[in-house]
Structure formats: structure tokens, C-alpha cells
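One structure below.
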Amino acid sequence: MTVSEQIPVAALGPAAPDAAPVPPTTRDRARRLLELRSRTVRGDEPATERQHRKGKLTARERLDLLLDPGSFTEFDLFRRRVSGSAADGPPTDGVVTGTGTVHGRRVYVYAQDFRVLGGSLGEVHGAKIHKVMDLALAAGAPLIALNDSGGARIQEGVTALAGYGGIFRRNVRASGVIPQISVVLGPCAGGAAYSPALTDFIFMVRKTSNMFLTGPEVIKTVTGETVTHEELGGARVHAESSGLASFVYDDEESCLEDVRYLLSLLPSNNHEPPPSGDAGDPVERRCPRLADIVPANPKVPYDVRDVIAEIVDHGEFMEVHEHWAANLVCALARMGGRTVGVLANQPLVRAGVLDIEASQKGARFVQMCDAFGIPLVTLVDVPGFLPGVDQEHHGVIRHGAKLLYSYCNATVPRVQVILRKAYGGAYIVMDSRSIGADLSFAWPTNEIAVMGAEAAVGVLHRRELASADDPEGLRARLVAEYAEELMHPYYAAERGLVDDVIDPADTRFMVIRALEALSEKRPELMPRRHGNPPL
Ligand code: HXC
């Protein structure tokens, strides 16, 4: 479709050579409008084919998958670049904006159309996005961005850059007010990548989506490194290394289906409770399998996702950042029909220690749940923070403080369950009562202590052990004494640091009952401009 084909509004029907021109009727105009609309919606066919050949859908095909059928209302279809009195850009200006519903609930969307000027962001493109963002915020409805763009429109210079600035500012203003979801389905290069980075969740698709600040060509010039787009900023990189991508998929269809599922778990805004309904899974359902899943020996690994699957409704949960910092599992699920955010140490990966990346991942998840009124359930089985020069030098204190800060700051209902062991600073950070968990339960296998018995004996009895005739015998006796005195399951309960020691089989029931009891929690907040989190 050439630009001249698109809106030749002047010529509405041929005039007979001799007759006086007949003014077009309303019906003529309506027919012409339909024609223009459908031509613009259809778009350029060769460009559509090129998009499909790359393994990508078009912006409108994506919206069809994302939104409930027939629910989409488009804004600014005919808007385009105007220079002086002449409109000289293509309609839409490379972005489709509007509103629709997902599972019957209102959302606002924009989808960049790579077929039009490479989906690049010029002044009009930016203004359309600003408008839909403003409407989403005013309506208190989630904003979903489908990104597929060559970045700032080079020929529009600084106006394109200003367009990005307006998006970033709106992303931040909307943060914690409405859920913002970025779906990266093509290139998202340069400063453009900062918009997804400011939103709550990023979805990516393997092989077709990528995000980077400076591309392979610039890197080659500056550092001499040779790297492909996929190696530099593909979905795998951001899912496993940078921690940017919350979810990754093999194709756009499953990606957009999961965006719909995620929306079913989130409230529309921070004033509404998350959606709830009849769980269809009995609250009283006991979970006897839990006692088999978690071995009593604190050194034997198991997959904590099996524990999560046992206690949540229908065993369904949506893991966020599944492939990054896998030693801490963060997942959204439902319990008793209500959305919960679950954090769980993962003994299967690095014994479930907390480290820099796990702290960053957990902090962001806690913050997101708290912003949107999603109660927190923390399953603890943690040997401590990861020791090491590398961790210390790269800021495990600074990053660990993020998780601590997020928990301490969270005012949603918070329930802690100590499955097995909880040592040292990591015990405190994993939502202990002392930092504000509302209720804490422990299984009868729990060991809460400053450190494990063997390490503790090594510190407390170093001299005695060094001069003993039978150091190993002495060590074994001291370890047994320490464990019996300080690490028995009731030690913390006797001191009010856990509220109850429970049968593992009752975990689901006890957590749901606790969350019900806390559902009317009214936090008292000190007035302040805002805190100063260790960002
Ligand atoms: C104008 C652009 C464009 C851009 C692509 N196009 N990017 N037009 N400004 N930024 C146009 C192309 O000229 C082409 O037009 C059409 O879109 C399709 O692009 P192709 O290159 O044919 O597609 P493909 O081979 O898939 O490559 C996609 C790409 C590449 C990797 C994104 O186009 C590219 O490298 N573009 C430039 C990326 C870039 O450097 N952007 C600026 C980043 S800096 P025709 O007419 O031939 O179909 C930035 C700053 C933001 O964004 C700062 C915010 C604070």
C-alpha cells in the first residue's frame, strides 16, 4: 500500500463529464470509510509476508490472540504524520492502539506494527502511545505493550527521543497503580528497552525477540567483540543471565495465551483486590504427600515446586523468572480461590542458598505483590547466604538488603512456613516474624538457628576440640547436644517466633485459613514522601 493510496478522501466517486458533480451521500461516505479502514487494517501484503517469513505475527494478529474476540476498539487509526498542511505519513504511524477485554475485564493495549516504518517510534507514534497510557491510568486498567520496533525513528531525530521520554515517565507514574505488561515480539533496541524494564513483567519469544542497548555493529566497533542479535539480547539471555525476561516461550501463540492467564491472576489496579472466586479445590484438602516430598535430612535436596503444587489450588502456579536465580522460586498461584505470591527456597539449585541474584529476584517479586495487594506465602528451607569473595565484592550486602527492604515494607497479608531449616541472616530475611510476617508456621522437622550444628560447634568449641584426645567423638557429642538444646522444632514456638508447629499435611488448610483471617488487614503507614530503598 503506498501512502497516496491510503487516504484520497477528496475523490469520492467519479463525476460524469457533462453532469454537475453530485455531492456524495452519507452512505457513499460511509462506504468509503469502510474501504479505507479495511485497507489500512489489512496493511501492505508483501510486508505482512515478510513479517510471517521471520516467524512473527502482525500487530493485529497478535491483538486477535490477546483480546477477547470482537472486544477491540481502536483509537487513532487514521492518525498520521502531518507536515504543514500535508499529511505525509502512513496511517497508524506504525502502532495500533486501543482497548479491549481479556476474560471479560478491561485492558488497554498498544501493538507496534513492524510493517509500517519498521515499527519505529516517531512523534505521532509516541503521542498515540502516550494517549493510551493516559487512558489506561485514568481507567485503572492494565496496560499491555506489544513491542516490535526498530527503535527511535531516525529521520525524526529528537522528537522521537522525546516520545520515549514521555513513555518512560508514564511507565513510572503508572508503576504500582495499574499492572503493566511488556511483550517483546521483535527488536526492542536502544533506549527503547527501558520501557519494558520499567514495567512489571516482560514476556519474550525465543529466536524472534531481542533487547539490547547497543547492537552488535556498535559493539564490534567499540570493543571488537563479535556477537549475533540472539546471543546479545535474545530471550534465552534475558531469561537466564540478565534477569530481564520474566517469561519466555517458543512461539507467540503460547506467549500471548500466558499473558491472558497472568491477567486472570492480577487485579485491574491497586485499589481493587485481585480476582477471586470459588477455588473448586477444597480448602480443607490435606496434603499427606508433603511428608514424602521433603526429606527430614536437611542436606538432601528435593524440588520445592512439588511442595507448591501440593498446596495451591489444582496444583497450578505461574513461575516468574523460572530460569534465572532458580535457587529461589517466585510464583503466582491461587489458594482458596485467591491470588497469592509464593516465594520458596529451592534446595535443588545451589542447596537453596540466598545470593545476589536470588535477592534481586525476590525483592522485585515481593514489591510487585505488595503493590497489587497480593498476599505473600513464603516457604523457607534455607541454609544461609552464599559465602564467597565474589558475592561479597559484587555486593551481596547491598542486594540482600533489597529483599529485606521489600519484605519489611510489605503491608499485604504475609504468612511464613518453615519447612525444614532456616539459618542465620537468611532466616530473618525470608519473612520471619521479626521483620513483619503476620503468621509463621513450622513443620516438626524445622531447625531454626544462627547456623547449622556442626558449624556452630566448630566456632564455640574450637579450642576444646583442638586439645581433645578424641576430637571426632567430642565433636559428635557437642553437635548432638547443640541440636537437642537449640535446634528442636519447638524452640522458636516456645519463644513466640513461630505461631504454631503444624503437621505438614495441614499446610494448605493452615495457610488459607491464615490468609482468610488476615484478609481485612489494615496496615498503618507512617507518613513519608517515600522510603529510600537500596535500589
Ligand atoms: C526508521 C527504520 C528504523 C528506525 C528500521 N527502520 N528501523 N526506520 N528508523 N529506527 C525501517 C527500515 O529502514 C526498513 O524500511 C524497515 O524499517 C524494516 O527494517 P529492516 O532493516 O528491513 O528489518 P530487519 O532486517 O528485520 O532489521 C530490523 C532491525 C534493523 C534490526 C531493527 O532495521 C535496525 O537495525 N534498525 C535500526 C535500529 C536502531 O539503531 N534504532 C535506533 C536505536 S536508538 P524499508 O523502507 O526498507 O522497509 C534508539 C534510541 C532510543 O532507539 C532512545 C530512547 C531514550
Side-chain angles (χ1 to χ4, degrees), residues 1-6 43-59 61-62 80-81 83 88-96 110-130 133 145-173 182-199 202 204-222 226-235 237-238 244 252:
M1 177 173 57
T2 63
V3 172
S4 59
E5 268 183 301
Q6 288 156 7
D44 181 45
E45 276 167 20
T48 302
E49 276 167 29
R50 281 198 297 279
Q51 181 82 347
H52 287 163
R53 270 203 304 277
K54 287 178 194 159
K56 300 196 293 182
L57 298 174
T58 66
E61 287 167 342
R62 289 165 177 163
R80 59 181 178 149
R81 197 177 54 215
S83 307
D88 61 359
T92 75
D93 205 54
V95 64
V96 181
Y110 70 85
Q112 293 179 310
D113 189 345
F114 195 83
R115 298 171 309 163
V116 180
L117 301 171
S120 58
L121 188 141
E123 188 178 1
V124 170
H125 185 123
K128 285 181 66 176
I129 294 177
H130 298 168
M133 294 178 84
L146 307 185
N147 296 269
D148 186 3
S149 164
R153 190 170 300 153
I154 296 161
Q155 55 274 36
E156 293 198 31
V158 70
T159 50
L161 299 182
Y164 277 115
I167 294 174
F168 302 157
R169 180 165 56 88
R170 286 171 174 82
N171 282 139
V172 174
R173 289 181 73 86
S182 298
V183 191
V184 180
L185 298 167
C188 184
Y194 279 119
S195 175
L198 291 168
T199 60
I202 299 179
M204 289 185 81
V205 174
R206 294 185 183 91
K207 297 202 177 99
T208 49
S209 51
N210 48 65
M211 282 195 278
F212 40 76
L213 281 190
T214 47
E217 298 78 16
V218 178
I219 289 182
K220 177 84 187 155
T221 314
V222 177
T226 305
V227 66
T228 64
H229 286 86
E230 181 72 7
E231 287 163 354
L232 182 63
V237 169
H238 290 306
L244 199 57
E252 295 192 14

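Note: hydrogens, waters and symmetry copies are ignored here, and every other heavy atom, side chains too, is used. First listed ligand is number 1; within each ligand, the first listed atom is number 1. In this text the structure is predicted, and so the values were computed from the model without any measurement.
- Listed by chain and residue number, Ala59, Arg115, Val116 satisfy the side-chain contact (heavy atoms from CB on, under 4.5 Å) test with Asp113 (two or more places apart in sequence, or in another chain).
- Classification of the Phe212-His229 ring pair by plane angle, with boundaries at 30° and 60°, yields tilted.
- Under 3.5 Å, the side chains of His125 and Gln112 contain a donor-acceptor pair of N or O atoms.
- Between Lys128 and Asp93 there is no salt bridge, since no side-chain N of the basic residue sits under 4.0 Å from a carboxylate O of the acidic one.
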Which protein N or O atoms sit under 3.5 Å from any N or O of ligand 1? Give atom names and distances.
residue	atom	partner	partner atom	Å
ligand 1	9 (N)	Ile154	N	3.1
ligand 1	10 (N)	Gly150	O	3.1
ligand 1	10 (N)	Ala152	O	2.9
ligand 1	17 (O)	Gly118	N	3.2
ligand 1	26 (O)	Lys54	NZ	2.9
ligand 1	41 (N)	Gly150	O	2.7
ligand 1	52 (O)	Ala152	N	2.9

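- Listed by chain and number, the residues in a salt bridge (charged side-chain N to carboxylate O under 4.0 Å, His left out) with Asp148 are Lys56, Arg62 (sequence neighbours excluded).
- For Arg206, the salt bridge (charged side-chain N to carboxylate O under 4.0 Å, His left out) partners at least two apart in sequence or on another chain are Asp250.
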